[in-house]
Amino acid sequence: MQQERLNPAFYALLATLIFMSVGPIALMLINSFKLDVDIISGTSGLLFLPTIRNYETALCDILWYTPEHMDYCALKFGGAMINSLIIALISTALTLVIGCMAAYALVRFRFMGRDSASLTTLMVRMVPPAVLLVPVFGLWNNDFCISKQSWLGEIIRESFGGRGDVCLAGTHSGIILIYVAMNLPFVIWILQSFIVQVPRSLEEAAKVDGAGPFQVFFKIVLPLIKPGLAAAAIFTFRIAWNEYLLASALSDRDTKTVPILIVNNMSEFNVEWGVIMATGMLLAIPPIIFTLLASRQIIAGMTAGAVKG
Amino acid sequence: MNGQLANRFTPYIFMAPAVLIMGIALLYPLGYMVYGSFREWNPSQNISETEFVGLKNYITLFFDAAFRESLAVTLIFAVTVVAAELFIGVGLALLLDRNIRGMSLLRTLFILPMMIAPVVVGLMWRYMYHPTVGTINRTLKSMGFEGVDWLGQHALASVIVADIWQWTPFIFILALAALQSLPRSALEAARIDGATAWQQIFYIKLPLMMPVLIVTALLRLIDAFKVLEVILVMTQGGPGLSTEILALRISRTATEFRELGVAAAMSNYLLILLLLLTLGMFVITRLQEKRAARLAKMVQEES
């Protein structure tokens, strides 16, 4: 098809759309480089002296120097950022490995319980985090614990200190566990539609050449579904990185993630807009980078997820 | 012999980790929640120490005006948001379904809003809606209008606008994908027969896109019931209960009012609602598959 000729109104519409979708993000970016005085006085949008002071305030606990404008580092944002990274990266890796194994089994094998497994995956996909809040809070705090009298519990208490039984709540692994479980149904669903497209003949050929099921999976199937894996990885990372509710219920002082800090700072009466915008920007940057790098895979994953119901 | 045995167990080995994790951290908690919803339960108690109260939590909720209001807010929010997003998203897809250079860049920019954290989206909009500092009111004032108290008097509408901003691109992209995979022959035939642009849209494009659109709408609807962070950051459910959606109410009942049993019962109501929606989606996709199979068979027999 040849390039159609378009009238100016069409370009005006395009420009409006781009402005509307990117505008708020750009606004936040600009404001994160402004001093609070400039934000509040609102002297014309772009004429200001950009400063990285907000970012310095936000990241003060992991900077190697002390910013000169502050004497006490109140916001432990750097630490939260590290927590977020640990939790998001580990849970994404685990979800992907476990999820694509399960998806492969569901697509390629006929076995007892396959249909019910597949149906369950489909159904639990709709469970909202808010519904998990109550049971997860209860279980992680009371039931998923190792008694401090037991052998393992004693070792952990002696090496890490603390009181009471050793529980999942308040640890990185507790948050990671619920994120992996929450993301698995979605990852399995998306990857199924990618694995179906792998030609069976390739797998058969490898089997004839003497490869076992695990070799076939790791050496033939995995390399072929890389785009699907990329899409799934980005979606999982996005949820684990952005999630607030469950993390806020399960984390303690040392395992707070970035969204929790932002929400806590927002609910205070006197909002420091500049710092808040800087923290928001820091939280938004990783997903933005992924989107710019891999938008093709994201869109492919989105369409696969919705169309292959 | 050994190999055959290994083969028979392979699928189970592949499934085991996923089943284990989903069992421990999804299905068991859900069962635990159903069990807990029949009990008088506060956060300091272990569940074995709680007292069985039958359906009391469900009945209390059913007659609780605050819960009903929050349910109504949730439904209004979800339905309005999905309807508006469908309308705008599909409309834009129909408009932009042309060969233009830079379409992939455009799509990349459009999906940015839904990739960034809901917390950040809430933060951005809270700033823009701010009565004195905010961008929107400042623009209004510079044009000589009165400022509007967005998050005060029009809280629900403002929250809805923010969600539309974030999620319309989702529908737009799926609708565009559906539009571009339509059979060219049908469109060609319509054009040759002299169908106008509107006729093509209403008699050819929309009906052919319908299967994808229904699934997309249901997916969005299910997601709309999960929204929490955006509203939490923007209004904290207020003023009053005007933006307190169910997810938010559940979390407040659990953490502020410390009534885990009631919160569990509330979660169950929400879950049942979503279950019905999912079942609906399931039935619809099954019906569509059957119809597609029947059509394919008819075509085959004719040729």
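Because only heavy atoms are used, hydrogens play no part in the values below, and waters and symmetry mates are left out as well, while side chains stay in. Keep in mind that this is a model prediction, so the values were computed, not measured. Per chain, numbering begins at 1; letters A, B, ... match sequence-line order.
Taken from CD1 in B:Ile173 to CE in A:Met302, the straight-line distance is 4.5 Å, to the nearest 0.5 Å. Considering CG of A:Leu139 and OH of B:Tyr32, their distance stands at 4.5 Å, rounded to 0.5 Å. Put simply, CG on A:Leu283 and CD1 on B:Ile116 are 9.0 Å apart, with the number rounded to the nearest 0.5 Å. To the nearest 0.5 Å, atoms CD1 (B:Ile13) and CZ (A:Phe214) are separated by 4.5 Å. Interatomic distance, A:Leu133 CG to B:Met33 CE, rounded to the nearest 0.5 Å: 11.0 Å. To the nearest 0.5 Å, the span separating CG on A:Leu13 from CG on B:Leu96 amounts to 6.0 Å.
Across B:Leu271, B:Leu106, B:Leu260, the residue that shares the most heavy-atom pairs under 4.5 angstrom with chain A is B:Leu271. Interface summary for chain B: among A:Pro286, A:Gly138, A:Pro259, A:Pro129, the most heavy-atom pairs under 4.5 angstrom belong to A:Gly138. With respect to chain B, the highest number of heavy-atom pairs below 4.5 Å among A:Ile188, A:Leu14, A:Leu292 belongs to A:Leu14. Ranked by heavy-atom pairs under 4.5 Å with chain B, the list A:Arg110, A:Arg114, A:Met112 is led by A:Met112. Chain A forms the most heavy-atom pairs under 4.5 Å with one residue out of B:Leu95, B:Ile284, B:Leu248, B:Thr255, and that residue is B:Leu95. When the candidates A:Ala130, A:Pro128, A:Ala284, A:Gly212 are compared by the number of heavy-atom contacts under 4.5 Å with chain B, A:Pro128 comes out ahead. Of the listed residues A:Ser248, A:Ala102, A:Gly99, the one with more heavy-atom pairs under 4.5 angstrom with chain B than any other is A:Ala102. Among B:Ile250, B:Ile111, B:Ile24, the residue making the largest number of heavy-atom pairs under 4.5 Å with chain A is B:Ile111. For the set B:Ile222, B:Val233, B:Leu112, B:Asp223, the entry with the most heavy-atom pairs within less than 4.5 Å of chain A is B:Leu112.
Of the atoms belonging to A:Val127, heavy atoms from both backbone and side chain fall under 4.5 Å from chain B. For A:Thr95, no part lies under 4.5 angstrom from a heavy atom of chain B. With a 4.5 Å cut-off on non-hydrogen atoms, A:Trp140 touches chain B through its side chain but not through its backbone. Of the atoms belonging to A:Tyr104, it is side-chain heavy atoms, and not backbone ones, that fall under 4.5 Å from chain B. For A:Ile285, no part lies under 4.5 angstrom from a heavy atom of chain B. Both the backbone and the side chain of B:Leu123 come within less than 4.5 Å of a heavy atom in chain A. Heavy-atom distances place both the backbone and the side chain of B:Ser251 under 4.5 Å from chain A. Of the two parts of A:Ile239, neither the backbone nor the side chain holds a non-hydrogen atom closer than 4.5 Å to a non-hydrogen atom of chain B. For A:Phe290, no part sits under 4.5 Å from any heavy atom of chain B, backbone or side chain. Interface remark: A:Met28 contributes side-chain atoms only to the contact with chain B (heavy atom separation under 4.5 Å).
Proximity of a side-chain donor or acceptor of B:Trp165 to a complementary backbone N or O of A:Met20 within less than 3.5 Å is detected. The closest donor-acceptor contact from the side chain of A:Arg238 to the backbone of B:Met114 lies under 3.5 Å. Between the B:Tyr127 side chain and the A:Pro24 main chain, no donor and acceptor come within less than 3.5 Å of each other.
Annotation for B:Leu26 and A:Pro185: closest pair CD1-CG, 4.2 Å, computed over non-hydrogen atoms. Of all non-hydrogen atoms in A:Val134 and B:Ser267, the two that sit nearest each other are CG2-OG, 4.4 Å. Nearest heavy atoms, B:Glu229 versus A:Leu245: OE2-N, 4.0 Å.
Using cut-offs of 30° and 60° on the angle between ring planes, the pair A:Phe217 and B:Phe14 is perpendicular.
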